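Every value quoted in this text rests on a predicted model; they were computed, and no experiment measured them.
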Amino acid sequence: MRAWAVVESGAPLQEIELPTPEPKGTEVLLETTYCGVCHSDLHIWEGYYDVGGGRKMSLKDRGVVLPLAMGHEIVGRVVKLGPEATGVRPGDIRIVYPWLGCGTCKSCLSDEDNMCLQPRSLGVYQNGGYGTHVLAPHPRHLVDPGNVEPAVAATYACSGVTVLSAIKKVMPIDPDEAIVLIGAGGLGLNAIAVLKAMDHRKIVVADVSAEKRAAAERAGAHITVDAAGDGIAKRIMQACGGPVLAVIDLVNGSATARFGFDALRKGGKLVQVGLFGGELMLPLPIMPIRALTVQGSYVGTLKDLRELVSLAQKGELKPLPVATVPQSQANDALMRLRDGKVTGRLVLKAAAA
Ligand SMILES: [Zn+2]
Ligand SMILES: [Zn+2]
């Protein structure tokens, strides 16, 4: 198999040859057809997360091994089944749930593999969709996209489940209460689509880019707020008619976390999703006095993916704008994302598509 892989952290991706995996047991081998390019790929490529105060958390120390074919928003065509794999046939097109764990613990067996303590996620700890082939450990990790356009379906595996899972953490909430989304990139636009599908009536989006705010409005955001400069929390509160109950920070850097937190009203919740990095200083007495919650949210469960795809199949989920790029240009795509030149989602299209 070919892969456009990280060979050295922060250096251009290289096209390399890797042994094509042979499916054993319940494993299923797929040929990649589409793979989304996600912001977290940039962190994996760089090899660290910024944990604030000038400190970095190395991905190598967390078990990421190079060379690595990144890519966790994968759609592929089933090529070969292990002797114990059932339920799919060669030629079937499937979304591959990438947030894998050990496969045997309580979390994994409840289809909440993303909460497993031994992560083996595709495109992070194992080769993913920046390669021509990908191995799913079990057919249950494969979801039929049905009538959903495969390039769009690919984005549900990360960006889609991530926002669904984050939105569930601020629910239930009155449909006329503001839900503030920070960041109108791929995650933000998918979050708008999911909230619209849930008939939420007050979707507020903050972003520094006028172009991205315009994209958010086209996607159905009711209010947008300029997140550049000073006084952002104040602008959000003004736009929402007061402090807010729910903020979902899809960027989650020191600056966004600060204004997101500062915009909360009593009983409010800040859900932290992005991996931009930095730190947040919490004034401890304020937490109990104002009964605040700060909660992290990591991707989503396999159940979330099935739920999302079923919403999309019913036509209730507006597809986010995707642009396809040949898989062989994975490095260019990644650099465009790094340079902030992407509105919506870039999706690699493999030769097998
Ligand atoms: Zn992702
Ligand atoms: Zn597990």
Side-chain angles (χ1 to χ4, degrees), residues 39-40 42-43 46 48-59 61-62 107 112 114-115 117 119 159 161-174 177-185 187-188 191 195 200 202-208 223-301:
H39 255 285
S40 53
L42 283 172
H43 299 289
E46 284 168 338
Y48 65 87
Y49 295 118
D50 170 4
V51 289
R55 286 162 295 132
K56 290 175 179 181
M57 180 174 78
S58 151
L59 282 160
D61 294 344
R62 302 201 69 213
S107 298
E112 294 176 359
N114 60 312
M115 298 308 287
L117 301 182
S159 144
V161 293
T162 298
V163 299
L164 178 61
S165 174
I167 287 168
K168 283 180 173 176
K169 292 181 172 75
V170 302
M171 293 287 174
I173 192 168
D174 186 288
E177 275 289 344
I179 294 183
V180 178
L181 305 171
I182 302 176
L187 284 177
L195 285 169
H200 197 76
K202 201 167 183 183
I203 306 168
V204 183
V205 178
D207 198 290
V208 291
I223 304 169
T224 56
V225 178
D226 184 358
D230 297 324
I232 304 160
K234 209 173 185 178
R235 279 206 291 283
I236 290 173
M237 292 187 277
Q238 273 164 359
C240 298
V244 296
L245 266 184
V247 177
I248 300 176
D249 189 353
L250 304 166
V251 179
N252 195 28
S254 302
T256 60
R258 182 79 264 152
F259 70 71
F261 182 84
D262 290 345
L264 291 177
R265 78 156 206 227
K266 201 166 191 177
K269 184 187 266 193
L270 170 65
V271 178
Q272 301 182 313
V273 179
L275 295 168
F276 187 88
E279 57 196 339
L280 174 64
M281 204 276 291
L282 292 178
L284 294 177
I286 299 297
M287 297 299 291
I289 290 169
R290 294 173 60 204
L292 299 174
T293 306
V294 175
Q295 183 175 10
S297 188
Y298 180 63
V299 298
T301 65

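- The minimum heavy-atom distance between Ala206 and Ile236, with the atom names listed, is CB-CD1, 4.4 Å.
- Distance CD1/Ile167 to OG1/Thr162: 10.5 Å, rounded to 0.5 Å.
- Judged as a ring pair (Phe, Tyr, Trp, His ring centres under 6.0 Å), and not counting sequence neighbours, His39 has no contacts.
- Here the CG atom belonging to Leu187 is positioned 12.5 Å from the CD1 atom belonging to Ile182, to the nearest 0.5 angstrom.
- Within the 4.5 Å cutoff, side-chain heavy atoms of Ile173 are placed close to those of His200.
- In this structure, Asp174 places its CG atom where more than 12 heavy-atom neighbours from other residues, nucleotides or ligands lie under 6.0 Å away.
- Applying the salt bridge (charged side-chain N to carboxylate O under 4.0 Å, His left out) test to pairs two or more places apart or on separate chains, those with a residue in residues 235-260 are Arg258-Asp262.
- The two atoms that bring Leu250 and Val163 nearest to each other are CD2-CG1, 4.3 Å, heavy atoms only.
- Within the structure, ring pair (Phe, Tyr, Trp, His ring centres under 6.0 Å) pairs that include any residue of residues 266-297 do not occur (at least two apart or interchain).
- Judged purely by atom type and a 3.5 angstrom limit, Lys202 uses its side chain to pair as donor or acceptor with the backbone of Cys240.
- Residues forming a ring pair (Phe, Tyr, Trp, His ring centres under 6.0 Å) with Phe259 (at least two apart in sequence, or on another chain): none.
- Between Met57 and His43 the shortest side-chain heavy-atom distance does not fall below 4.5 Å.
- The salt bridge (Lys or Arg N to Asp or Glu O under 4.0 Å) test applied to Glu177 returns Arg265, not counting sequence neighbours.
- Closest approach of Ala184 to Val205, counting heavy atoms only: CB-CG1, 3.7 Å.
- Taking NZ of Lys266 as the start and CG of Leu245 as the end, the distance is 12.5 Å to the nearest 0.5 Å.
- Heavy-atom minimum distance, Val244 versus Ala178: CG1-CB, 4.1 Å.
- Nearest heavy atom pair, residue Ser165 against residue Val299, reads CB-O, 3.1 Å.
- Across all their heavy atoms, Leu275 and Ser40 have their closest contact at CD1-CB, 3.9 Å.
- Atom CG of Leu164 sits about 8.0 Å away from atom OG1 of Thr301, to the nearest 0.5 Å.
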Name the atoms and distances for all side-chain donor-acceptor pairs under 3.5 Å in residues 286-296, with sequence neighbours left out.
from	atom 1	to	atom 2	distance (Å)
Arg290	NH2	Leu264	O	2.3
Gln295	OE1	Lys269	NZ	3.0

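- Here the side chain of Gln272 pairs no donor or acceptor atom with the backbone of Ala257 at under 3.5 angstrom.
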